[in-house]
Amino acid sequence: KQDTLGNTLGKDFDCDFLILGSGITGLYTAYQLADLGSVIIVTKSDLVESNTAYAQGGIASVLDQTDSFENHIQDTLDAGAGLCDPEAVRVLVTEGPDHIRKLIELGAHFERQPSGELDLHREGGHSHNRIVHAADLTGKEVELVLVDAVKKKNVQILEHHTAIELITQYHLQDQLKPDTAPPTCFGAYVYNRKSWGISVIRAHSTILATGGAGHVYLHNTNPEVATGDGIALAYKAGAVINNMEFYQFHPTCLYDPGRRSFLITEALRGYGAKLLNYEMQPFMHNYDQRLELAPRDIVARAIDAEMKKTGATNVWLDISNRSTDELIEKFPNIYATCLSRGIDISKQPIPVVPAAHYMCGGVETDLLGRTRLQGLYAAGEVASTGVHGGNRLASNSLLEGLVFGSRIVEDIKNKKNSNQPISKVKPWNKEGLENPEEWILVQHNYAEIQKIMWNYVGIVRSNLRLDRALRRINLLYDEVMDFYKRTVIQNKILELRNLTLVAKLIILSAKNRKESRGLHYSTDYPENRAPSRQNTAIVRTPTNDFQFLDSGES
């Protein structure tokens with residue numbers, strides 16, 4: 001039993017592969033790596049708690065004869081506003097169908113037509129029906145199937161553990177000149193949320209699969225675990241962080257003040273739902289010829305504009321043209337949840353607002369998931385592969401986790417255990433730490449960060465708003481980092497440290513993009529959708545913090 005005066009040193013671990021995160025990317029990668037060596041999964045909460053489990057819509061993939069890879073590629077490039085890496089998109093699209101079939105082999109039950117063919121939905125930005133789904137609970141279906149598959153393998157699972165810091169050459173006992181060594185990851189320091197113990201986990205390869213950072217914003221669709229941990233860990237270790245200004249706001253989150261956010265899947269619009277303004281009039285024809293099926297950045301800005309015209313708190317999403325039986329069959333979770341909150345969607349429009357949903361930037365990787373640090377990989381929402389560019393195409397996210405998680409496995413196979421040997425690692429230094437009384441003051445910073453980001457760095461931005469946001473975040477950043485250095489490790493202080501860092505990265509990236517493109521819309525610059533491959537890349541070096549790299553330099 002631990003007291004509250006300090007952290008003890010917990011049990012140390014050695015493994016071949018350390019995976020941080022237990023969403024679709026972490027689980028699918030662990031399932032495959034278990035055949036190559038010992039695997040440890042570290043997850044902050046229960047194994048099934050992740051963004052994946054809350055994904056409603058489905059997985060985009062070309063599985064119909066009337067569709068084609070070129071169609072899916074073009075739709076993805078169009079949504080990405082000129083910033084996608086075409087080769088990364090081609091990898092995603094062409095390798096995707098095999099992984100859908102693998103999920104089905106593992107036991108995933110996706111909706112089918114009476115003929116037995118997969119029942120494919122269409123969502124915004126897609127030119128064809130290509131969304132594989134399990135009613136409106138696709139993520140949960142996939143998560144549970146992969147959890148079951150992983151538990152049958154040689155995988156050790158550490159639930160309720162949080163990574164504190166990645167282990168690099170600076171943490172080694174037998175490295176005299178770390179500045180001359182290539183940047184390398186040797187595992188992670190991990191905090192046990194139940195015992196307060198801190199462990200060293202040494203690994204030949206470490207995979208970041210930590211998901212996004214939705215809780216950096218006041219209104220978001222993410223579970224509480226989404227606090228940008230992987231971004232913060234990678235940045236502190238010296239990885240390159242790309243395009244953090246591109247945070248996707250889902251256009252339709254249930255407007256229900258005081259209650260937990262609830263996503264209304266884009267598939268509902270694909271099924272015929274119409275957006276109405278506060279006067280109950282359709283408005284999407286004023287913004288895009290694709291109407292409700294325009295890409296998410298366009299729909300979110302259209303809703304934001306309509307709300308600002310009248311000062312309305314929300315707009316409406318109307319699917320009452322469909323029967324009750326149809327809606328219960330196709331969208332049982334949405335129907336039941338809305339009904340529990342007093343809304344019968346077969347008879348009443350749904351009040352909706354945009355909410356922060358998905359991080360399109362992240363840790364820079366190549367097409368094999370490799371980061372700037374040897375031995376460190378990243379895949380899924382935490383990674384910046386070039387697939388999403390300036391705006392993610394709906395339902396490409398779960399596909400990305402499958403495809404690039406598998407590519408990490410292939411790269412590790414080809415290395416044939418040539419990764420760095422596990423070295424002697426210094427124990428976590430807890431000397432001089434205390435539990436200061438000002439904790440009650442600092443914890444209010446969490447809510448303050450969310451409000452600053454929502455008010456100044458949201459759907460529509462300006463130079464003035466970003467300058468104000470940066471001044472406020474800089475003050476909070478200094479307070480939080482000072483507090484972190486002096487206090488005992490707790491989960492909340494780790495999350496606060498990570499959120500503060502992610503907020504600063506988003507603001508700096510947004511200030512550095514002198515154009516409106518994709519999800520970054522500034523009133524000071526005209527929108528630009530001409531081809532571009534200019535990334536905003538930030539890195540931390542031993543001598544400089546928050547250093548921008550020129551495009552191509554990283």
Side-chain angles (χ1 to χ4, degrees), residues 21 23-24 44-45 48-59 123-125 131 133 136-140 142-143 210-229 246-270 273 275 295-297 299-301 303-304 307 313-315 317 331 333-334 336-338 340-341 343 345 350-362 380-382 388 391-398 400-401 449-451 453-454 457-459 495 499 502-503 506 519:
I24 188 171
K44 279 170 64 176
S45 184
V48 297
E49 183 71 359
S50 67
N51 275 354
T52 296
Y54 292 86
Q56 294 179 359
I59 311 175
E123 295 183 354
I131 311 301
H133 62 102
D136 56 353
L137 288 168
T138 307
K140 186 175 182 180
V142 172
E143 181 86 5
T210 51
H215 278 267
V216 76
Y217 285 99
L218 182 62
H219 302 292
N220 67 84
T221 66
N222 292 182
E224 292 183 0
V225 294
T227 52
D229 304 335
F246 297 119
Y247 217 104
Q248 186 177 79
F249 287 75
H250 197 288
T252 53
C253 183
L254 179 64
Y255 178 71
D256 192 5
R259 307 271 303 265
R260 180 171 179 170
S261 296
F262 179 72
L263 180 69
I264 306 295
T265 176
E266 193 156 348
L268 203 67
R269 282 180 278 137
L275 283 164
R296 289 177 176 176
D297 59 331
V299 178
R301 285 203 302 274
I303 293 173
D304 183 70
M307 290 166 58
T313 57
N314 60 276
V315 297
L317 186 65
F331 306 101
N333 185 44
I334 291 175
T337 300
C338 288
S340 72
R341 301 191 187 190
I343 305 165
I345 67 173
I350 308 166
V352 294
V353 292
H357 183 57
Y358 190 88
M359 184 173 68
C360 290
E381 189 173 355
V382 72
H388 304 307
N391 177 35
R392 174 177 69 93
L393 182 65
S395 290
N396 269 354
S397 53
L398 295 181
E400 181 190 27
I449 291 166
Q450 292 180 315
K451 290 177 182 177
M453 294 301 290
W454 183 259
V457 201
I459 297 171
E495 290 182 334
L499 274 182
V502 169
I506 292 173
L519 298 165

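For the single chain, residues carry numbers from 1 onward in sequence order.
- Between atom CD of residue Glu143 and atom CG of residue Leu398 there is a gap of 10.0 Å, rounded to the nearest 0.5 Å.
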Output, in order, the C-alpha distance, side-chain angles, deciding distance and verdict of side chain to side chain contact (heavy atoms under 4.5 Å, CB included) for Ile449 and Val216. CA-CA 7 Å; Ile449 291 166; Val216 76; 4.2 Å; yes
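- In terms of heavy atoms, Thr210 sits closest to Asp229 at OG1-C, 4.5 Å.
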Does His250 form a side chain to side chain contact (heavy atoms under 4.5 Å, CB included) with Arg296? I'd like the steps, not just the answer. CA-CA 6 Å; His250 197 288; Arg296 289 177 176 176; 3.8 Å; yes
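- Looking at Asn333 and Phe262, their side chains come closer than 4.5 Å, going by heavy atoms from C-beta outward.
- Nearest heavy-atom pair, Lys44 versus Thr227, reported as atom, atom and distance to 0.1 Å: NZ-OG1, 2.9 Å.
- No side-chain heavy atom of Glu224 sits under 4.5 Å from any side-chain heavy atom of Ser45.
- When all heavy atoms of Pro251 and Arg269 are compared, the closest pair comes out as CG-NH2, 3.7 Å.
- Distance CD/Glu381 to CD1/Ile24: 12.5 Å, rounded to 0.5 Å.
- A pairwise comparison of heavy atoms in Ala394 and Glu123 identifies CB-OE1, 3.1 Å as the closest pair.
- Ring planes of Phe249 and Trp454: tilted class, angle from 30 to 60°.
- If you take CZ on Phe331 and NE2 on His133, they are separated by 7.5 Å, rounding to the nearest 0.5 Å.
- In this model, a donor atom of one side chain and an acceptor atom of the other lie less than 3.5 Å apart for Asn391 and Gln248.
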Tell me, with the steps shown, if Leu263 and His357 meet side chain to side chain contact (heavy atoms under 4.5 Å, CB included). CA-CA 9 Å; Leu263 180 69; His357 183 57; 3.8 Å; yes
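- The side-chain heavy atoms of Ile334 and Ile264, taken from C-beta on, include a pair separated by under 4.5 Å.
- Note that the CD1 atom of Ile350 and the CG atom of Asn314 stand 11.5 Å from one another [nearest 0.5 Å].
- Between the side chain of Ser395 and the backbone N or O of Gly58 there is at least one donor-acceptor pair closer than 3.5 Å.
- No donor-acceptor contact under 3.5 angstrom links the side chains of Glu495 and His215, judged on distance only.
- With contacts defined as side-chain heavy-atom distances shorter than 4.5 Å, the pair Leu268/Thr252 does not qualify.
- Put simply, the side chain of Val352 does not reach to within 4.5 Å of the side chain of Cys253, judged on heavy atoms.
- The line from CD1 of Ile459 to CE of Met307 is 7.5 Å long, rounded to the nearest 0.5 Å.
- Residues Val457 and Tyr217 meet the side-chain proximity criterion, which asks for heavy atoms closer than 4.5 Å.
- A distance of 12.5 Å separates CG of Leu254 from OG1 of Thr221, quoted to the nearest 0.5 Å.
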Mind running side chain to side chain contact (heavy atoms under 4.5 Å, CB included) on Glu266 and Val299 for me, showing each step along the way? CA-CA 11 Å; Glu266 193 156 348; Val299 178; over 6 Å; no
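- Taking 4.5 Å as the limit, every side-chain heavy atom of Thr138 sits out of range of all side-chain heavy atoms of Thr265.
- When every heavy atom of Arg392 is checked against every heavy atom of Cys360, the shortest pair comes out as N-SG, 3.5 Å.
- Without hydrogens or angle criteria, Tyr247 side chain to Gly214 main chain gives a donor-acceptor distance under 3.5 Å.
- Two residues are said to be in side-chain contact when any heavy atoms from C-beta on lie closer than 4.5 Å; Asp256 and Ile343 fail this criterion.
- The minimum heavy-atom distance between Gly212 and Met359, with the atom names listed, is CA-CE, 3.9 Å.
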